[in-house]
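Read the structure below first, then the notes.
Being a predicted model, the structure only gives us computed values, none of them experimental.
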Amino acid sequence: MIASPAEARLVSLLPLMHVAIVPRERILTGLDELFTILPRPADQTSSLVLITGPSRTADIEQILVRGVHGPGQISVIVVG
């Protein structure tokens with residue numbers, strides 16, 4: 001997700017559940033393809049967020065907690 005005046009930086013962090021509706025043609029094969037399309041992201045935006053799943057963290061006792069720094073559940077709907 002690329003922050004812009006229309007899409008704030010917090011858009012990926014605030015909701016408890018993130019639902020993404022993605023056209024099939026917008027799905028990339030990996031970071032190599034992303035940086036071919038957008039070779040210098042800092043020239044376009046001050047924030048680029050790569051969402052790979054719910055955030056996870058563990059304390060010193062190794063107790064896993066999900067969704068601390070973002071949504072606890074992510075759903076992706078691919079259309080097209």
Side-chain angles (χ1 to χ4, degrees):
M1 298 184 74
I2 297 175
S4 70
E7 296 174 338
R9 293 179 186 189
L10 290 177
V11 74
S12 68
L13 300 175
L14 290 178
L16 298 175
M17 179 178 178
H18 181 101
V19 178
I21 301 171
V22 183
R24 182 179 306 273
E25 63 272 6
R26 299 267 329 250
I27 296 176
L28 306 178
T29 59
L31 288 176
D32 289 340
E33 186 177 1
L34 171 64
F35 290 120
T36 298
I37 296 168
L38 189 66
R40 298 176 52 102
D43 290 349
Q44 183 174 343
T45 182
S46 62
S47 176
L48 172 67
V49 178
L50 303 174
I51 300 170
T52 60
S55 70
R56 297 176 179 211
T57 190
D59 63 12
I60 197 164
E61 296 176 3
Q62 298 300 311
I63 298 172
L64 180 65
V65 180
R66 294 179 189 204
V68 174
H69 305 291
Q73 182 177 356
I74 294 178
S75 298
V76 179
I77 301 167
V78 180
V79 295

| Test side chain to side chain contact (heavy atoms under 4.5 Å, CB included) applied to L64 - qualifying residues, sequence neighbours left out | R56, R66
| field | Partner residues of E61 under the side chain to side chain contact (heavy atoms under 4.5 Å, CB included) criterion, sequence neighbours left out | value | D59, I63
| Partners of V22 by side chain to side chain contact (heavy atoms under 4.5 Å, CB included), sequence neighbours excluded? | A20, R26, I27, V76
| Can you name the side chain to side chain donor-acceptor pair (under 3.5 Å) partners of S46, sequence neighbours left out? | R9
Distance-only check: which donor-acceptor pairs under 3.5 Å involve side-chain atoms of residues 36-45, not counting sequence neighbours?
| unit_1 | atom_1 | unit_2 | atom_2 | d |
| --- | --- | --- | --- | --- |
| T36 | OG1 | D32 | O | 2.8 |
| R40 | NE | D43 | OD2 | 2.8 |
| T45 | OG1 | A3 | O | 2.8 |
| T45 | OG1 | S47 | N | 3.1 |
| T45 | OG1 | S47 | O | 3.1 |

| task | Would you mind listing every salt bridge (charged side-chain N to carboxylate O under 4.0 Å, His left out) that reaches into residues 69-80, with sequence neighbours excluded? | result | none
| Same hydrophobic cluster for V49 and L28, using side-chain heavy-atom links shorter than 4.5 Å among ILVMFWY? | no
| field | Side-chain hydrophobic cluster, 4.5 Å single linkage: members besides I77 | value | M17, V19, I21, V79
